[in-house]
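Notes to accompany the following structure.
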Amino acid sequence: SQQGEEDPQALSIQEGENATMNCSYKTSINNLQWYRQNSGRGLVHLILIRSNEREKHSGRLRVTLDTSKKSSSLLITASRAADTASYFCATDSKTSYDKVIFGPGTSLSVIP
Amino acid sequence: GAVVSQHPSWVICKSGTSVKIECRSLDFQATTMFWYRQFPKQSLMLMATSNEGSKATYEQGVEKDKFLINHASLTLSTLTVTSAHPEDSSFYICSAFRARNSPLHFGNGTRLTVT
C-alpha cells in the first residue's frame with residue numbers, strides 16, 4: 001500500500017522557473033526521501049531528510065519536512081529542460097521499519 | 001558509490017513460461033532487497049521484501065507462488081515470475097539499502113512483456 005500522496009500529479013513550467021512538489025504521508029516516519037525517475041529507467045536518489053530535520057539543501061534542490069502536518073515539499077530552483085522527469089517521495093515507517101513506500105509521484109515537464 | 005545491477009533490462013516471453021530477474025548489489029552486501037512493480041505512468045508498488053537466508057515477506061495481494069523470490073547470498077536476489085500471463089507485463093525494479101536509514105539504491109529495472 002502507498003502511504004504517501006503527492007501533488008500536483010503533473011506540473012509544466014518554463015525553463016528557469018522554480019518547481020515545487022508536495023508530498024503528504026500518513027504514519028510516523030524515520031525519514032523521507034525524494035527520488036527522480038526518467039522515463040523507463042530506475043530511480044535516482046535525490047535527498048534524504050530525517051524526521052528530526054526541517055530543511056535540507058542539495059544544489060538546486062531544497063526539501064522541507066513538517067512532521068506535525070506529515071508533509072514534505074521539494075523545490076527545484078532555476079529549472080532546466082534536463083529536470084524533466086517524474087519525482088517521487090518515499091517514506092519508511094516506524095512500525096514497518098524496513099519498508100519504503102512510494103507516493104504517486106509528480107510528473108514534471110520543463111519547457112525550453 | 002553503491003551500485004545495484006538488475007538483469008535483464010527487458011524480456012519478452014510467451015504466456016505460460018517463467019522468467020527470472022536478477023538483482024545484484026555490486027559493491028556492498030545487502031541483507032535486504034526490495035522488489036517493486038510499476039505500471040505505466042504510475043508509482044512503484046512494493047511487492048516483497050527479500051531477506052538473505054530466509055523467506056521473503058510479501059505485501060498484501062501479491063501471490064507468493066506467482067512471484068518467487070530467492071535471496072541466496074548477500075549480493076543476489078532473484079524474482080521469478082512463474083507461468084507468466086499478459087497481465088504480468090510490467091516494469092519490475094529491485095532496490096537495496098547499504099545500511100538502514102540510508103537511501104535505497106535502485107537497479108535500472110526490467111521491462112517484462114508477456115505475449
Side-chain angles (χ1 to χ4, degrees), chain A residues 1-11 21 23-25 27 29-53 56 58 61 63 85-109, chain B residues 1-10 21 23-25 30-52 54 56-62 71 90-113:
Chain A
S1 60
Q2 293 180 318
Q3 78 158 349
E5 296 181 359
E6 286 162 84
D7 76 271
Q9 291 187 334
L11 180 60
M21 289 159 266
C23 166
S24 63
Y25 56 92
T27 63
I29 61 172
N30 295 298
N31 59 64
L32 183 144
Q33 304 176 52
W34 284 91
Y35 289 85
R36 168 199 166 118
Q37 183 182 35
N38 287 78
S39 181
R41 303 281 295 179
L43 276 74
V44 174
H45 177 259
L46 298 176
I47 287 186
L48 180 151
I49 186 165
R50 303 195 190 284
S51 60
N52 61 353
E53 297 175 311
K56 211 161 182 180
S58 176
L61 306 180
V63 167
S86 292
Y87 292 83
F88 297 93
C89 72
T91 54
D92 68 350
S93 165
K94 286 192 173 180
T95 56
S96 302
Y97 194 66
D98 278 337
K99 289 192 208 179
V100 175
I101 304 298
F102 284 78
T106 294
S107 176
L108 173 65
S109 296
Chain B
V3 176
V4 173
S5 173
Q6 188 172 340
H7 177 81
S9 56
W10 59 271
I21 303 169
C23 181
R24 294 179 185 273
S25 57
T31 55
T32 302
M33 290 185 174
F34 303 93
W35 287 95
Y36 291 87
R37 181 174 182 176
Q38 185 179 34
F39 290 105
K41 300 189 187 299
Q42 294 188 25
S43 186
L44 282 72
M45 297 296 294
L46 181 63
M47 298 176 65
T49 303
S50 171
N51 304 298
E52 188 269 335
S54 65
T57 304
Y58 290 82
E59 294 301 299
Q60 193 171 12
V62 178
H71 197 146
S90 190
F91 192 56
Y92 294 88
I93 313 177
C94 71
S95 65
F97 289 116
R98 180 187 286 275
R100 275 184 171 178
N101 266 339
S102 67
L104 277 174
H105 299 280
F106 282 86
N108 278 331
T110 298
R111 173 83 49 202
L112 170 64
T113 303

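Letters A, B, ... are given to chains in the order of the sequence lines, protein chains preceding strands, and every chain is numbered from 1. Keep in mind the model is a prediction, meaning the values are calculated, not measured. Just so it is clear, the values below take in all heavy atoms, side chains as well, and ignore hydrogens, waters and symmetry mates.
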> ring pair (Phe, Tyr, Trp, His ring centres under 6.0 Å) with Tyr92(B): which residues, sequence neighbours excluded?
Replying inline: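 Applying ring pair (Phe, Tyr, Trp, His ring centres under 6.0 Å) to Tyr92(B) gives none.
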>> What verdict does the side chain to side chain contact (heavy atoms under 4.5 Å, CB included) test give for Ile21(B) and Trp35(B), after you've listed the backbone C-alpha separation in whole Å, the side-chain angles of each residue and the deciding distance to 0.1 Å?
In response: CA-CA 10 Å; Ile21(B) 303 169; Trp35(B) 287 95; 3.8 Å; yes
>> Can you tell me which portion of Ile93(B) sits under 4.5 Å from chain A's heavy atoms? Options are side chain, backbone, both or neither.
In response: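 Side chain of Ile93(B) only, per the 4.5 Å heavy-atom cut-off to chain A.
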> So what's closer than 4.5 Å to chain A heavy atoms on Ser102(B): side chain, backbone, both or neither?
Replying inline: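 Backbone only.
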> If you round to the nearest 0.5 Å, how far is CD of Gln42(B) from CZ of Arg37(B)?
Replying inline: 10.0 Å
> So which part of Leu48(A) gets closer than 4.5 Å to some heavy atom of chain B, the side chain, the backbone, both or neither?
Replying inline: side chain
> Tell me, side chain or backbone of Gln9(A) under 4.5 Å from chain B's heavy atoms, or both, or neither?
Replying inline: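 Neither part, no heavy atoms under 4.5 Å.
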> Counting heavy-atom pairs under 4.5 Å to chain A, which of Arg111(B), Gln38(B), Lys41(B), Gln6(B) comes out on top?
Replying inline: Gln38(B)
> Could you go step by step and tell me if Trp34(A) and Leu61(A) meet the side chain to side chain contact (heavy atoms under 4.5 Å, CB included) rule?
Replying inline: CA-CA 10 Å; Trp34(A) 284 91; Leu61(A) 306 180; over 6 Å; no
> Parallel, tilted or perpendicular for Tyr35(A) and Phe106(B), by the 30°/60° rule?
Replying inline: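 Geometry flag for Phe106(B) against Tyr35(A): perpendicular rings.
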